[in-house]
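For reference, the structure is listed below as structure tokens.
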Amino acid sequence: MRAVDCVERVDLGEVPYEDAVRDMTDWVARRRAGEIPDRLVLLSHPPVITYGSRTPPAELPAGLTVPLVPVDRGGQATYHGPGQLIGYLVLNLRERGPGDIVRWVENGLIAACADLGFETVRRDTPPGAQSLVGVWTPDGRKLVSIGMRIRGGVTSHGFALNITSDLVEFTRFVACGLPGVAMTSLAELAAEQGRPAPAEQEVRDAVARALGAR
């Protein structure tokens, strides 16, 4: 994918999911109209489980411990909450040229994790299998979920990177359409290395650098 000079970095705090989606709709319209540059928005959400239209009801939690919100992105059900870094990407792919935007995001986040001292990998999805899009540890735990939408040549939605997330929440439903998937966090990986988890600001900076946002 061809590099574009300017990706605008926007840092927000905790934003309710529905508010963020409303704002993202506006950003996409403004990007399509050429009113704003490509944009990476970094934020977090209060606890919520989001799911796509193709998510089987049996994969959703039976007891409503957190709100359930249907979404218009790719991917299956996932959890958002405190301790997780959300990145929304509003990119004009017609200006960027041909390329695999999801692989670009995967590789950028892998580079960010390496900058923070963590080895991660992407995984190819076997034909006919549930999507393995995301960022994984070499031993098969999932660190980052990715779900994007492209309409009119402009992307929306993005990724969720677990920093100090409550991983128990992911066990209350079928995360990412992958029964038995083990989710992990930078805090868990850092503890295994005998060091503290990186601060959220450090993670934000590493992600922004890797994705060319400033």
Q. OG1 of T120 to CH2 of W136: how many Å apart, nearest 0.5 Å?
A. 12.5 Å
Q | Nearest heavy atoms of H157 and G147, plus distance in Å | A | CB-O, 3.2 Å
(Q) Walk me through whether N162 and T184 qualify under side-chain contact (heavy atoms from CB on, under 4.5 Å). (A) CA-CA 7 Å; N162 299 323; T184 191; over 6 Å; no
Q.
Tell me whether V7 shares a hydrophobic cluster with I146, the cluster being built from Ile, Leu, Val, Met, Phe, Trp, Tyr side chains joined at under 4.5 Å.
A. yes
Q) Distance under 6.0 Å and angle within 45° of the ring axis: does R195 meet both against F118? A) yes
(Q) Any salt bridge linking R96 with D38? Criterion: basic side-chain nitrogen under 4.0 Å from a carboxylate oxygen. (A) yes
Q) After noting the C-alpha distance and the side-chain angles of L161 and L186, does the key distance pass the side-chain contact (heavy atoms from CB on, under 4.5 Å) rule? A) CA-CA 8 Å; L161 190 164; L186 294 181; 3.7 Å; yes
Q) Heavy-atom distance under 4.5 Å between the side chains of E169 and P47, does that happen here? A) no
**Q.** R172 and V66, any side-chain heavy atoms less than 4.5 Å apart
**A.** no
Q.
Just by distance, no angles: are the side chains of T55 and E59 close enough, under 3.5 Å, to form a donor-acceptor pair?
A. no
(Q) Rounded at 0.5 Å granularity, tell me how far CE in M24 sits from CZ in R73. (A) 10.0 Å
(Q) Which residue in the set Y51, F170, F173 passes ring pair (Phe, Tyr, Trp, His ring centres under 6.0 Å) when paired with Y79? (A) F170
Q | Charged N-O contact under 4.0 Å between R30 and E8 | A | no
Q. How long is the span from the CD atom in Q76 to the CG atom in L60, to the nearest 0.5 Å?
A. 9.5 Å
Q) Do V207 and R9 come close enough that some side-chain heavy atom pair is under 4.5 Å? A) no
Q) Does T155 use its side chain to pair, donor to acceptor, with the backbone of L91 at less than 3.5 Å? A) yes
**Q.** Atom pair CG/CD of D19 and E14 - distance to nearest 0.5 Å
**A.** 11.0 Å
Q.
Do M148 and V105 make a side-chain contact, defined as non-hydrogen atoms from C-beta onward lying under 4.5 Å apart?
A. yes
Q: Provide the closest heavy-atom pair for R141 versus E188 in the form atom of the first, atom of the second, distance.
A: NH1-OE1, 3.2 Å
Q.
With a 4.5 Å cut-off on side-chain heavy-atom distances among I, L, V, M, F, W and Y, is there a chain of contacts connecting L40 to I150?
A. yes
Q) So which heavy atom on A197 is nearest to which on T164, and how close? A) CB-CG2, 4.4 Å
**Q.** Full working for side-chain contact (heavy atoms from CB on, under 4.5 Å) between L178 and L132
**A.** CA-CA 9 Å; L178 297 168; L132 298 178; 4.1 Å; yes
Q: Look at the side-chain heavy atoms of Ile, Leu, Val, Met, Phe, Trp and Tyr, link any pair under 4.5 Å apart, and say whether V154 and W27 land in one connected group.
A: yes
Q) Do D23 and D26 have side-chain heavy atoms sitting under 4.5 Å apart? A) no
Q. Going through the distances and angles, do R204 and E200 end up as a salt bridge (charged side-chain N to carboxylate O under 4.0 Å, His left out)?
A. CA-CA 6 Å; R204 286 181 178 233; E200 181 181 329; 2.8 Å; yes
Q.
Closer than 3.5 angstrom, by distance alone: can the side chain of R32 be matched with the main-chain N or O of R151 as a donor-acceptor pair?
A. yes
Q.
Minimum heavy-atom separation for E106 and G134, please, with both atom names.
A. OE2-N, 3.0 Å
Q: Can you measure from CD (E119) to CG (D139) and round to the nearest 0.5 angstrom?
A: 9.5 Å
(Q) For residues V133 and F159: do they belong to one hydrophobic cluster (side chain heavy atoms under 4.5 Å, members Ile, Leu, Val, Met, Phe, Trp, Tyr)? (A) yes
Q) Is it true that atom CZ of R54 has more than 12 heavy atoms of other residues, nucleotides or ligands lying nearer than 6.0 Å? A) no
**Q.** Minimum heavy-atom distance between A206 and A112, given as atom pair plus value
**A.** O-CB, 3.6 Å
Q. Could you go step by step and tell me if R39 and R31 meet the side-chain contact (heavy atoms from CB on, under 4.5 Å) rule?
A. CA-CA 9 Å; R39 178 175 283 185; R31 182 67 190 97; over 6 Å; no
Q: Give the ring-plane orientation class for Y88 versus H45, where under 30° counts as parallel, over 60° as perpendicular and anything between as tilted.
A: tilted
Q: Looking only at non-hydrogen atoms, find the nearest pair between P16 and P46 and report the distance.
A: CA-CD, 3.7 Å
Q) Rounded to the nearest 0.5 Å, what separation is found between the CD1 atom of I49 and the OG1 atom of T65? A) 5.5 Å
Q. Do L43 and Y17 sit in the same hydrophobic cluster, where Ile, Leu, Val, Met, Phe, Trp and Tyr count as joined when their side-chain heavy atoms come under 4.5 Å apart?
A. yes
**Q.** L167 backbone acceptor or donor facing T171 side chain under 3.5 Å
**A.** no
